Amino acid sequence: MALRRLYHRYQRFKIKLLHSLHNFFEQFSLYVGLVTAVVMAYDLGFRHVSKPVFFSSVYLLFLSTFTVAFALRTLLFPSKSNLSNALRLLLIIVLLFVCGYKFNHLKHAFAPHSWMNVGSLAICGFLLLFDISRKVLSLYSQRFNPALSFILSFLLLALIGAGLLMLPRATVHGLSFVDALFTSVSAVCVTGLSTVDVAVEFTRLGKIILLILIQLGGLGMLSFTSFFGYLYQGGFSIENQLFLKDIATSDRIGDVFRSLFKIIFITLFIELVGALFIYLTLDTTDLFATNGQRLRFAVFHSISAFCNAGFSSVPNGLYNEYLRQNTSLHWVLIVLVIMGGIGFSIINDFYLYLKHYGRQLYLWIRYGLKVQHMSRSVSINTRLVMVMTALLLLVGTLAFWWSESNGALANETSTFGKITMAFFASTAPRSAGFTTFDIGQIYPATVLIFLLLMWIGAAPGSTGGGIKVTTFAVALLNVLSLAQGKDRVEVMKRRIPSESVRRAFAVITLSLLIIGPAILIITILEPEKPLIGLAFECFSAFGTAGMTLNLTPFLGDVTKLVLVVLMFVGRIGTFTLFVAFVRRVKALNYQYPNENVFIN
């Protein structure tokens, strides 16, 4: 009996000791990780001849502490899934191998062209994301306001991006803080406006930083940190799942991680396929002397198009003389922009729809039996998004063809080329920002068409901006219902809740209350610039469209900051911003008498 008690005490002491070691190494790994992030920024971003042993020592220290902390977590908190445990074990083995390599080469200078050294740096960056994600995920249990956390995540990412873009090796001539902040916010908010020529001014490192900001901004920083935080911890707490339910657009709390995984997997898969198709549309010309240049162009523009960012890595973008006639490339980008603009929930709905009927078709072909089943119902949100997207694309194409028949379209000789340009011009203004023509020469009627398309924007839950197509659709339906004398809004045999109608008009009102004063302010700041051009800049920034009438590089610093605010508000949403700083009333247990207000 005494031996048993002694054994139990030993087990409790061992577990307590392991927990203490785990907590110490996790905390120590976080602090070392922050130091490592600064060292990596200096190592990669500054021009220096020698690579001292100090860099390798810091990397080795971070790799070692993270490996110990991760191994202790795997030992103390094993996952219920054997596959997850196997992946964790594989990661530990890889980390041990990298640590051994770094230790053996500690006294040697860093070789910038060594794939192993570059790989170890990439692993350090990847593990930093794990560490940051773990810390961010722990904050969700502190009952943070989800809307405020969403806003702060974009703000923090934009500030970090501005600092990285100011690194000497990121640009050729260097950027001021205002220009770096403007470009970073434009990338994080997937806008596409830039005060400098990205293709000329940005080095390869600068373009990589820009691409990472676009990817993180398109998916949302919280989605990435939550996903990697889950992988590190092996699960979500109830507080985490409640916090992330709306971010992951999940109907059930238990499906939060599955929804996050689908969002990230769908994004990376579509971007990979898009990059492949873009690569196949390119020829070896003076613009792309090597296959590596073609591949980098394909990856950059696939991510930029799907995230609706509109940045380009070549001079003059798609209006470049080698690309403006490449209709195959234009159609690939059109598909990517549309898929990124309709939202992840709609893509998932179509996936489930095709999977359902594909399975029934397989069973019929395989066994020769027609299976009786109930058809899957598509949500009213999906129907509205698809109908409004198709309608806006059609109307925008016809309107551009009508307004630019003697302008931009006059240079096109083939009918198919005109159709491609008109359809591209209808797709891009709603959030993407690419142009295949000289936008500075378009007619005033086309400018007004683009203003409307930029203001409406893309679908909710997508990488696009604007007030969203569903907001515009609900507002139109409400106007039609009032004109018909109905007391409710109905569409497709469904009733739209009054809360959605009120929210739609609140979003529209807030958008106009933000864009209007912004136009007034920059008109006062830039009195020599044309009003239509300044208004175009404001609508483009708010709708995260990224189009400009060749005015952005010539604006003053204060005007750029005004546009930064517009881009930020347009990306996070006016209503989200309003909710984050206004206390919400849970319930009203009283009711005042009704009294009419005369409205004509």
Side-chain angles (χ1 to χ4, degrees), residues 190 192 194 197-200 202 204 207 210-211 214 270-341 393-394 396-398 400-401 404-405 407-442 446 450 453 463-464 545-548 550:
V190 289
S194 180
D197 191 340
V198 172
V200 176
F202 279 57
R204 183 177 298 181
K207 292 175 183 177
L210 192 68
L211 200 61
I214 292 171
I270 293 176
E271 289 173 349
L272 178 63
V273 175
L276 175 61
F277 277 98
I278 291 175
Y279 181 84
L280 295 176
T281 63
L282 301 176
D283 297 324
T284 303
T285 61
D286 294 339
L287 188 62
F288 308 111
T290 64
N291 290 329
Q293 291 178 342
R294 291 169 63 191
L295 181 61
R296 289 193 292 270
F297 175 90
V299 172
F300 189 96
H301 285 76
S302 178
I303 296 175
S304 182
F306 182 77
C307 292
N308 281 213
F311 281 100
S312 181
S313 60
V314 296
N316 296 324
L318 298 184
Y319 189 60
N320 187 284
E321 59 179 326
Y322 296 105
L323 301 176
R324 68 181 67 167
Q325 300 296 330
N326 192 340
T327 55
S328 299
L329 170 64
H330 299 167
W331 281 104
V332 173
L333 294 177
I334 285 172
V335 173
L336 287 172
V337 169
I338 292 175
M339 293 187 72
L393 288 174
L394 177 61
T397 302
L398 296 177
F400 183 85
W401 191 300
E404 291 294 328
S405 58
L409 291 174
N411 298 324
E412 285 290 335
T413 56
S414 65
T415 304
F416 182 73
K418 292 183 178 181
I419 294 174
T420 302
M421 179 181 288
F423 198 78
F424 197 100
S426 177
T427 304
R430 289 182 42 239
S431 191
F434 292 114
T435 53
T436 59
F437 50 88
D438 187 359
I439 193 172
Q441 303 299 321
I442 59 177
T446 310
F450 282 178
L453 293 176
T463 57
M547 285 188 165
T548 176
N550 301 326

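Quantities reported herein were computed from a predicted structural model and do not represent experimental measurements. Any value given below was found using the heavy atoms of this structure, including those in side chains, with hydrogens, waters and symmetry copies removed.
- Between the side chain of S313 and the backbone N or O of F297, no donor-acceptor pair lies under 3.5 Å.
- Residue-environment remark: CZ (F277) stays at or below the threshold of 12 foreign heavy atoms within 6.0 Å.
- Note that the OG1 atom of T420 and the CG atom of L329 stand 11.0 Å from one another [nearest 0.5 Å].
- Remark: of the listed residues F434, F424, F423, Y319, F424 is the sole one forming a ring-ring contact (aromatic ring centres under 6.0 Å, His included) with H330.
- With values rounded to the nearest 0.5 angstrom, E271 atom CD is found 5.0 Å from I303 atom CD1.
- The structure places OH of Y279 at 4.0 Å from CZ of R294, a figure rounded to the nearest 0.5 Å.
- At least one side-chain heavy atom of N326 sits less than 4.5 Å from a side-chain heavy atom of L282.
- When every heavy atom of R430 is checked against every heavy atom of L393, the shortest pair comes out as NH1-CD2, 4.1 Å.
- S304 contributes a side-chain N or O that, together with a main-chain N or O of G310, makes up a donor-acceptor pair within less than 3.5 Å.
- The shortest distance between side-chain heavy atoms of L333 and T427 does not fall below 4.5 Å.
- Taking the side chain as every heavy atom from C-beta outward, I270 and L336 approach each other to under 4.5 Å.
- The CG atom of L276 sits 9.5 Å away from the OG atom of S302 when rounded to the nearest 0.5 Å.
- A donor-acceptor pair under 3.5 Å links the side-chain atoms of T281 to the main chain of I278, judged by distance alone.
- Interatomic distance, T436 OG1 to N316 CG, rounded to the nearest 0.5 Å: 12.5 Å.
- In this structure, CZ in R204 is found 13.0 Å from CG in L211, a value given to the nearest 0.5 Å.
- Nearest heavy atom pair, residue S312 against residue G317, reads OG-CA, 3.3 Å.
- In this structure, the side chains of I442 and I439 come closer than 4.5 Å at one or more pairs of heavy atoms.
- Taking the ring-ring contact (aromatic ring centres under 6.0 Å, His included) definition, one finds that F400 meets it with F437, sequence neighbours left out.
- Heavy-atom minimum distance, G417 versus S414: N-OG, 3.1 Å.
- Looking only at distances, no side-chain donor or acceptor of S426 sits under 3.5 Å from a matching main-chain atom of A422.
- Heavy-atom minimum distance, A428 versus M547: CB-CE, 4.0 Å.
- Here the closest heavy-atom approach between residue G274 and residue V332 is recorded as O-CG1, 4.1 Å.
- Heavy-atom minimum distance, H301 versus L318: CD2-CD2, 4.5 Å.
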